[in-house]
Amino acid sequence: MASLFKKKTVDDIIREQNKELRGTQRAITRDRAALEKQEKQLEMEIKKMAKAGNKDACKVLAKQLVQLRKQKTRTYAVSSKVTSMSTQTKVMSSQMKMAGAMSTTAKTMQAVNKKMDPQKTLQTMQNFQKENMKMEMTEEMISDTLDDIFDASDDEEESQDIVNQVLDEIGIEISGKMAKAPSAAKGLPSTSASKSTTISDEEIERQLKALGVD
């Protein structure tokens with residue numbers, strides 16, 4: 001019972017109108033099919049009367065055929081108008097739905113604008129930008145510090161390798177000189193032996209320069 005007294009919405013009206021237009025279109029199509037059937041029958045009758053030599057009957061039937069064809073042509077015009085009306089109804093329905101969507105969107109935007117403080121939003125964005133710049137600067141400083149540490153570590157390891165190489169070569173020379181030097185048991189003065197088995201500072205500097213180490 002409640003549905004009987006329910007007020008129809010615009011969508012309900014448009015839906016009913018489209019239903020009526022579709023029914024009208026089907027009726028026009030049926031009428032056209034009937035007219036085409038009558039047209040064929042008249043053509044057969046005209047041919048029959050022509051063979052029989054009945055000119056008067058041919059003229060009457062020919063007039064009927066002309067009127068029938070005009071009526072069939074009018075069905076195409078009516079069908080075209082019905083199709084146009086259906087198209088216009090669909091366009092109106094789409095426009096109304098679009099207007100409703102725009103109205104809802106406008107209300108939502110209005111509510112959001114009321115709650116949103118432009119100054120506060122701008123301040124928040126500026127704070128975010130500032131903190132983001134700080135973070136980027138911090139990351140850059142940390143990255144540079146780590147690069148310096150690793151570079152210094154690599155330089156230190158390289159320098160240590162060079163020093164070890166130099167000391168190894170000096171050690172080899174010292175061993176060779178100690179092997180060639182007279183031993184203390186042969187009575188050589190200890191002072192001269194010490195001088196012969198000890199590499200001078202000038203000798204170390206000379207070998208370091210030869211290896212390219214300043």
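No experiment lies behind these values; they were computed from the predicted model shown. Positions are given from 1 along the sequence.
In this structure, the side chain of Thr104 engages the main chain of Gly100 through a donor-acceptor pair within 3.5 Å. Side chain of Thr105 to main chain of Ala101: a donor-acceptor pair is present (N/O by atom type, distance under 3.5 Å, no hydrogens or angles). At distances below 3.5 Å, at least one donor-acceptor pair connects side-chain atoms of Ser94 with backbone N or O atoms of Lys90. Put simply, the side chain of Thr29 gets close to the backbone of Gln25: a donor and an acceptor are under 3.5 Å apart. A donor-acceptor contact shorter than 3.5 Å links the side chain of Thr89 to the backbone of Met85. Ser86 places no side-chain N or O within donor-acceptor distance of the main-chain N or O of Thr83, the cut-off being under 3.5 Å.
Going from atom CG of Leu21 over to atom CD of Gln88 covers 10.0 Å, rounded to the nearest 0.5 Å. The distance from the CD atom of Gln38 to the CD atom of Gln71 is 7.5 Å, given to the nearest 0.5 Å. Atom CZ of residue Arg74 and atom CG of residue Asp31 lie 12.0 Å apart, to the nearest 0.5 angstrom. The CE atom of Met137 lies 12.0 Å from the CD1 atom of Ile142; values are rounded to the nearest 0.5 Å. The CD atom of Glu43 sits 11.5 Å away from atom CG of Leu61, with the distance rounded to the nearest 0.5 Å. Taking CD1 from Ile13 and CG from Asn18, the interatomic distance works out to 12.0 Å, rounded to the nearest 0.5 Å.
The nearest pair of heavy atoms linking Ala50 to Cys58 is N-SG, 3.3 Å.
Looking at heavy atoms from C-beta onward, Glu36 lies out of side-chain contact with Lys40 at the 4.5 angstrom threshold. In this structure the side chain of Lys63 never reaches within 4.5 angstrom of the side chain of Gln67, judged on heavy atoms. With a 4.5 Å cut-off on side-chain heavy atoms, Met102 and Met98 count as touching.
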Stepwise side chain to side chain contact (heavy atoms under 4.5 Å, CB included) test for Lys130 and Lys134 = CA-CA 6 Å; Lys130 182 170 65 175; Lys134 288 182 180 179; 4.2 Å; yes
Could you walk me through whether Met135 and Glu139 pass the side chain to side chain contact (heavy atoms under 4.5 Å, CB included) check?
-> CA-CA 6 Å; Met135 183 177 293; Glu139 290 179 354; 3.8 Å; yes
Yes or no on side chain to side chain contact (heavy atoms under 4.5 Å, CB included) for Gln41 and Met44, after CA distance, side-chain angles and deciding distance?
-> CA-CA 5 Å; Gln41 290 176 353; Met44 292 175 63; 5.6 Å; no
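Residues Leu35 and Ile46 share a single hydrophobic cluster, defined by chaining ILVMFWY side chains whose heavy atoms lie under 4.5 Å apart. Hydrophobic clustering of Ile, Leu, Val, Met, Phe, Trp and Tyr side chains at less than 4.5 Å, counting indirect connections, unites Leu68 with Met49.
Partners of Asn127 by side-chain hydrogen bond (donor to acceptor under 3.5 Å, both in side chains), not counting sequence neighbours, listed by chain and number: Gln123. Scanning for salt bridge (Lys or Arg N to Asp or Glu O under 4.0 Å) contacts around Glu16 gives Lys8, with sequence neighbours left out.
Summarising the local packing, CD of Gln126 is surrounded by more than 12 heavy atoms from other residues, nucleotides or ligands at distances under 6.0 Å.
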